[in-house]
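Beneath this line is the structure, given in structure tokens, with notes to follow.
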Amino acid sequence: MPYALFGLITMLLWIFCIVDAITRDDAYIQYLPKVVWILIIIFVPTLGSIVWLVVGRGQNAPRAYTGPTNYGEYERPGRAVAQDPAADEAFLRQCRERADSRSASTDRGVPRAMNRARLKDRT
């Protein structure tokens, strides 16, 4: 019975460490790449799991990480990056047209050119 309990605890620790290593963001993993940590956990289950928990599993992102814009709150690891600049331009154009139509509907007595001038003044 004690061997079965030890085996169950070892298996649960192993599964937890594999799932944790797979789902953890790369910025939070220390010393080795994610794939290497996963292979260590899989091929050396008990010792690999303990080493992962003690050494490889970083608690916080690196302190110096702020991303390319120096605004850390916007450049956190895993944040989606625009893939298609043309689609971004089309989206922004659509937003401008929607804003123009809404401002035109609220200011019906004012010519549309004046509405555009107001929108440009706001930015």
Side-chain angles (χ1 to χ4, degrees):
M1 184 67 176
Y3 293 114
L5 183 63
F6 178 73
L8 180 66
I9 291 172
T10 303
M11 187 180 69
L12 291 175
L13 175 69
W14 184 62
I15 292 171
F16 170 77
C17 289
I18 289 174
V19 171
D20 187 42
I22 290 171
T23 59
R24 188 164 290 267
D25 198 314
D26 290 341
Y28 296 92
I29 296 177
Q30 299 177 355
Y31 303 112
L32 294 173
K34 181 189 275 193
V35 175
V36 175
W37 277 115
I38 293 170
L39 291 175
I40 289 172
I41 295 168
I42 289 173
F43 290 117
V44 188
T46 306
L47 184 62
S49 298
I50 292 170
V51 172
W52 163 253
L53 292 174
V54 173
V55 177
R57 185 178 192 247
Q59 297 299 321
N60 299 321
R63 292 184 194 271
Y65 182 81
T66 56
T69 62
N70 291 327
Y71 294 101
E73 63 273 11
Y74 294 111
E75 297 295 335
R76 64 184 180 270
R79 185 174 168 93
V81 178
Q83 299 296 320
D84 185 15
D88 289 344
E89 288 298 323
F91 174 74
L92 292 174
R93 189 177 326 105
Q94 187 181 32
C95 289
R96 284 188 206 105
E97 290 171 358
R98 189 180 312 137
D100 285 345
S101 67
R102 286 185 181 170
S103 65
S105 66
T106 58
D107 300 330
R108 292 188 192 269
V110 180
R112 190 172 184 145
M114 291 179 78
N115 284 336
R116 286 189 183 145
R118 277 192 217 160
L119 287 174
K120 287 182 182 178
D121 291 338
R122 290 181 192 167
T123 58

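What you see is a predicted model; the values in this text were computed from it and never measured. All values below come from the heavy atoms of this structure, side chains included, with hydrogens, waters and symmetry mates left out. When a residue number appears, it is its place in the shown sequence, counting from 1.
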Val55/Leu32 under side chain to side chain contact (heavy atoms under 4.5 Å, CB included): CA gap, chis, key distance, verdict:
CA-CA 10 Å; Val55 177; Leu32 294 173; over 6 Å; no
Please walk me through it: do Trp52 and Ile29 pass side chain to side chain contact (heavy atoms under 4.5 Å, CB included)?
CA-CA 9 Å; Trp52 163 253; Ile29 296 177; 3.9 Å; yes
Apply side chain to side chain contact (heavy atoms under 4.5 Å, CB included) to the pair Val51 and Ile40, showing each step before the final yes or no.
CA-CA 9 Å; Val51 172; Ile40 289 172; 5.7 Å; no
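Placement of Ile50 and Phe6 in two distinct hydrophobic clusters is found when ILVMFWY residues are connected by side-chain heavy-atom separations under 4.5 Å, directly or transitively. Ile9 and Leu47 fall into different hydrophobic clusters, defined by Ile, Leu, Val, Met, Phe, Trp and Tyr side-chain heavy atoms under 4.5 Å apart, directly or through other members. Both Trp14 and Leu8 are members of a single hydrophobic cluster when ILVMFWY side chains are connected at heavy-atom separations under 4.5 Å.
Rounding to the nearest 0.5 Å gives a distance of 8.5 Å between CD1 of Ile18 and CD1 of Ile38. One finds the CZ atom of Arg96 at 10.5 Å from the CZ atom of Phe91 (value rounded to the nearest 0.5 Å). Once rounded to the nearest 0.5 Å, the distance linking CD1 of Ile22 with CD1 of Ile41 reads 8.5 Å. Put simply, CD on Gln30 and CZ on Arg24 are 9.5 Å apart, with the number rounded to the nearest 0.5 Å. Atoms OG and CG, on Ser49 and Leu13 in that order, are 4.5 Å from each other to the nearest 0.5 Å.
At distances below 3.5 Å, not a single donor-acceptor pair connects side-chain atoms of Lys34 with backbone N or O atoms of Thr23.
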